[in-house]
Number of protein chains: 2
Amino acid sequence: MAKTVEQIAKDLNLSVTTVRLVLSGKAEQYRISVKTQSRINEHVERFGYTLNHSARSLKLNKTETLGLIVPNISNVFFATLAEKLELRCRRSGYQLMISCTYNDVDYENKLVKALMARNVDGLFIVPSTLENQQHHLRQIQKPLVLLDRDFGFTDNALVESHNEAGGDELARNMLEECKTPLWFLVGDTALPSITDRLNGYLQALKTAGIHHREWVIEGPDNTPEGGYALMDSLIDSQGVPQAFIASSLPVLEGAIEALRKRTGTVPQHINIGTFDEHPMLGFLPNSVWSMQQDEDTWAEKAFELMQRAIDGEAVNETAKVDMKLVKRSRQ
Amino acid sequence: MAKTVEQIAKDLNLSVTTVRLVLSGKAEQYRISVKTQSRINEHVERFGYTLNHSARSLKLNKTETLGLIVPNISNVFFATLAEKLELRCRRSGYQLMISCTYNDVDYENKLVKALMARNVDGLFIVPSTLENQQHHLRQIQKPLVLLDRDFGFTDNALVESHNEAGGDELARNMLEECKTPLWFLVGDTALPSITDRLNGYLQALKTAGIHHREWVIEGPDNTPEGGYALMDSLIDSQGVPQAFIASSLPVLEGAIEALRKRTGTVPQHINIGTFDEHPMLGFLPNSVWSMQQDEDTWAEKAFELMQRAIDGEAVNETAKVDMKLVKRSRQ
DNA sequence: TTGAAAGCGCTAACAC
DNA sequence: GTGTTAGCGCTTTCAA
């Protein structure tokens with residue numbers, strides 16, 4: 001099916017060099033005769049030609065392929081990020097290979113190995129843990145851009161949201177409308193992004209002259225189950241809250257479910273804040289504040305850092321992407 | 001960095017064949033001496049070895065890579081499907097390349113070309129239109145598994161949900177609890193999966209002895225905007241509905257937004273049905289029936305068909321995957 | 001302007 | 001049990 005350069009050359013009684021030069025648009029530069037050019041072009045027109053990437057990769061030792069490793073893509077933030085990043089990469093001729101770790105630290109290392117074996121030109125990774133991150137930094141002798149989680153202990157290229165500023169802005173805005181305690185349900189403070197959100201919230205409290213560290217309800221899991229447990233214990237100890245913030249969408253899902261289980265419904269007067277925007281937040285009858293991450297800018301920044309690393313630069317920047325508050329008012 | 005087989009052979013004063021045989025676990029079979037084996041194994045232990053996929057691909061004319069083309073992965077159904085399929089493929093040593101068309105028919109064709117140039121061993125595609133499908137069938141001389149949409153005019157391998165049965169079951173169940181008109185909001189009947197859902201619904205009406213074709217509200221767009229318009233016009237002509245089904249989640253999102261805009265809230269007594277399950281459906285204060293698609297089975301079936309096609313079989317089956325009703329009751 | 005040839009790392013066929 | 005070698009399709013260097 002796919003004609004090779006050599007085949008074309010043979011068909012036309014030309015050398016591979018000649019054919020290559022016109023195929024790669026260098027015809028003018030090497031002053032190939034117009035007649036030869038058109039003979040080649042016609043042949044390609046008729047029989048087609050598709051470059052064999054494997055051969056090219058073998059020769060040049062680069063695949064024009066990049067890897068992306070995220071926890072999972074059923075999470076809409078990572079899905080959107082993957083989408084945008086794939087688009088951006090393709091725009092520059094790179095194919096993106098998307099893989100999910102499902103928060104399995106061993107599987108994450110396996111994925112890295114698999115992608116390295118396929119000789120990707122670079123890797124975008126959302127590391128699960130500090131240990132994973134350090135492992136990758138040692139293992140991967142290729143351009144690497146870390147995403148979402150700044151575990152520290154590295155000056156590698158990294159892109160993340162401005163979570164602290166986001167937490168601050170979210171809490172500030174909610175405090176303006178909520179007189180009652182503004183609880184903060186945190187799943188998994190081992191994740192730096194979550195901790196930053198918490199710190200932003202605490203900062204906002206401080207600015208408002210409030211000092212209620214006990215408004216923070218912490219748990220180990222950044223999941224619906226984790227969120228359920230948090231809300232459950234909050235209701236146990238304090239009754240149904242009047243206002244709360246969830247540290248992420250999965251936590252919110254669990255928290256809402258707990259509210260429904262415990263109170264039979266989601267009381268409309270509760271003011272709800274959350275990180276990560278989602279159209280289905282509009283399903284809640286409540287006023288909802290959500291902190292949206294800007295995946296377009298993420299993709300742009302991440303690719304730019306990758307490109308520079310591929311070009312040989314020692315990239316050690318951390319790009320912080322601004323978040324945006326979205327408010328849905330109960331009517 | 002990555003040692004080549006030849007390098008290892010030279011270091012150890014052996015031939016490439018010997019090294020290859022032990023690396024590929026054929027040492028016993030070819031009765032390589034234990035001593036030679038351990039020399040090789042030790043060397044690999046110390047210096048490592050990573051197979052060069054590009055070279056292998058070039059030689060064998062296969063990449064152990066598969067392509068997946070879906071409309072987008074911010075849609076949670078396609079995201080989950082992509083996730084499951086990636087897992088399944090990796091389990092058999094295949095890397096999956098996930099790409100999104102964003103419903104752009106020309107871009108879809110470009111993606112196919114790009115993946116073919118990278119010499120994928122096979123392609124999973126959710127075609128946007130019949131024309132696209134036919135184009136692919138002509139263009140792609142590789143194993144191909146169509147997903148989600150049976151446009152007809154082909155006996156190619158295909159996996160889809162049992163949408164008609166799903167529509168029937170969903171409507172039946174809702175009719176048991178809803179005396180009032182059960183509206184059906186349909187976005188884009190050009191999509192066969194959507195039409196099947198509609199037909200299932202009509203079948204359920206018929207079985208119940210109801211003949212109200214006018215309960216179907218049709219529009220051109222399977223999107224939130226489309227759903228908004230549908231609900232908007234329904235309220236205009238019939239007032240706020242007591243029960244309705246949305247043909248997909250995006251349509252539901254728009255419909256809910258219209259309800260909120262028009263009535264100031266989402267009236268809790270409305271019974272809501274929808275296709276595609278999502279945890280955030282629990283955010284609605286209403287009773288909600290949702291028809292869940294079984295992505296695990298999809299992935300399993302799709303990969304099985306692909307595997308058989310790769311093995312040279314002329315696969316022309318259509319696999320229909322059962323859907324499952326999920327009910328959330330208002331309390 | 002065009003041609004010839006080496007070599008990327010692997011596999012497989014064949015030799016001893 | 002082990003060794004040699006051709007060739008996959010491309011890029012690049014050197015020649016003519």
Side-chain angles (χ1 to χ4, degrees), chain A residues 1-41 43-44 47-65 93 95 116-121, chain B residues 1-41 43-44 47-65 93 95 116-121:
Chain A
M1 21 148 278
K3 288 265 183 187
T4 72
V5 172
E6 188 170 349
Q7 189 56 246
I8 298 178
K10 194 180 287 175
D11 287 1
L12 263 39
N13 268 316
L14 293 167
S15 83
V16 285
T17 311
T18 312
V19 177
R20 270 202 73 245
L21 288 176
V22 351
L23 282 183
S24 57
K26 303 230 179 76
E28 301 312 317
Q29 194 178 331
Y30 287 85
R31 318 198 314 154
I32 310 285
S33 72
V34 182
K35 192 173 164 196
T36 310
Q37 284 188 47
S38 57
R39 281 181 68 210
I40 294 174
N41 287 327
H43 189 277
V44 170
F47 304 103
Y49 168 69
T50 22
L51 179 136
N52 183 320
H53 262 85
S54 304
R56 184 184 159 88
S57 298
L58 176 58
K59 179 67 187 175
L60 301 184
N61 192 30
K62 61 176 185 179
T63 52
E64 266 122 28
T65 300
Q95 174 75 43
M116 296 301 287
R118 286 184 181 261
N119 206 18
V120 293
D121 295 340
Chain B
M1 26 149 280
K3 289 263 179 189
T4 73
V5 172
E6 189 171 346
Q7 189 56 247
I8 298 178
K10 195 181 287 175
D11 286 0
L12 264 39
N13 269 315
L14 294 166
S15 82
V16 285
T17 310
T18 313
V19 176
R20 271 202 70 247
L21 289 176
V22 351
L23 283 183
S24 58
K26 303 230 179 75
E28 302 312 316
Q29 194 177 331
Y30 286 87
R31 320 200 310 154
I32 309 286
S33 73
V34 182
K35 190 172 163 197
T36 309
Q37 283 189 47
S38 56
R39 282 181 67 211
I40 295 174
N41 287 328
H43 189 277
V44 170
F47 303 104
Y49 167 70
T50 22
L51 179 136
N52 184 321
H53 266 263
S54 304
R56 183 183 161 89
S57 298
L58 176 58
K59 176 69 186 178
L60 300 184
N61 192 31
K62 63 176 184 178
T63 51
E64 267 121 27
T65 300
Q95 174 76 44
M116 297 300 287
R118 289 190 178 255
N119 206 18
V120 293
D121 295 341

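If you run side chain to side chain contact (heavy atoms under 4.5 Å, CB included) between A:Val5 and each of A:Leu51, A:Asn52, A:Leu23, only A:Leu23 comes through.
Between B:Arg118 and A:Glu64, none of the side-chain N atoms (NZ, or NE/NH1/NH2) sits under 4.0 Å from a carboxylate O, so this pair counts as no salt bridge.
For A:Thr18, no side-chain nitrogen or oxygen approaches OP1 or OP2 of C:dT2 to under 4.0 Å. At D:dC10, one or more side-chain N or O atoms of A:Tyr49 fall inside 4.0 Å of OP1 or OP2 (strictly under the cut-off). At C:dG9, none of the side-chain N or O atoms of B:Arg56 fall inside 4.0 Å of OP1 or OP2 (strictly under the cut-off). Distances shorter than 4.0 Å separate some side-chain N or O of B:Ser33 from OP1 or OP2 on D:dT2. For B:Arg20 and C:dC10, the shortest distance from a side-chain N or O to OP1 or OP2 is not below 4.0 Å. Within the structure, every side-chain polar atom (N or O) of A:Ser54 is placed at least 4.0 Å from both OP1 and OP2 of D:dC10.
Nearest to the side chain of A:Thr4, among C:dT2, C:dT11, D:dC10, sits D:dC10. When each of D:dT2, C:dG9, C:dA12 is scored by its nearest atom to the side-chain atoms of B:Leu21, the top-ranked nucleotide is D:dT2. For A:Ala55, whose side chain is taken as the heavy atoms from C-beta onward, the closest listed nucleotide among D:dC8, C:dT2, D:dG9 is D:dG9. For A:Lys59, counting side-chain heavy atoms from C-beta on, the closest listed nucleotide (C:dT2, C:dT11, C:dC8) is C:dC8.
Between the CG atom of B:Leu60 and the P atom of D:dG9 there is a distance of 12 Å, given to the nearest Å. For the pair B:Lys10 NZ and C:dG9 P, the computed distance is 11 Å after rounding to whole Å. Residue A:Asn119 contributes atom CG, which lies 15 Å from atom P of C:dC8 at whole-angstrom precision. What separates CG of B:Leu14 from P of D:dT4 is a distance of 11 Å, to the nearest Å. We find that CD1 of B:Ile32 is positioned 5 Å from P of D:dT2, with the value rounded to whole Å. Counting to the nearest Å, the C1' atom of C:dG3 and the CD atom of A:Glu6 are 13 Å from each other. Atoms CD (B:Glu64) and C1' (C:dC10) sit 12 Å apart, rounded to a whole Å. One interatomic measurement links the two molecules: CG of A:Leu12 to P of C:dG3, which rounds to 11 Å at whole-angstrom precision.
Checked by atom type and distance alone, the side chain of A:Thr18 never pairs as donor or acceptor with a backbone atom of A:Leu14 at under 3.5 Å.
The closest side-chain donor-acceptor pair between B:Thr36 and B:Ser33 falls under 3.5 angstrom. B:Asp11 and B:His43 form a side-chain donor-acceptor contact under 3.5 Å, judged by distance and modelled atom types alone. Side-chain contact, A:Ser57 with A:Ser54: no donor N or O sits under 3.5 Å from an acceptor N or O.
Nearest-nucleotide positions on DNA chain D for B:Leu58 and B:Asn13 put B:Asn13 closer to the 5' end. Sequence order on DNA chain D of the closest nucleotides to A:Thr17 and B:Val16 puts B:Val16 first from the 5' end.
Looking at heavy-atom distances under 4.0 Å, B:Thr36 makes contact with sugar-phosphate atoms alone, never a base.
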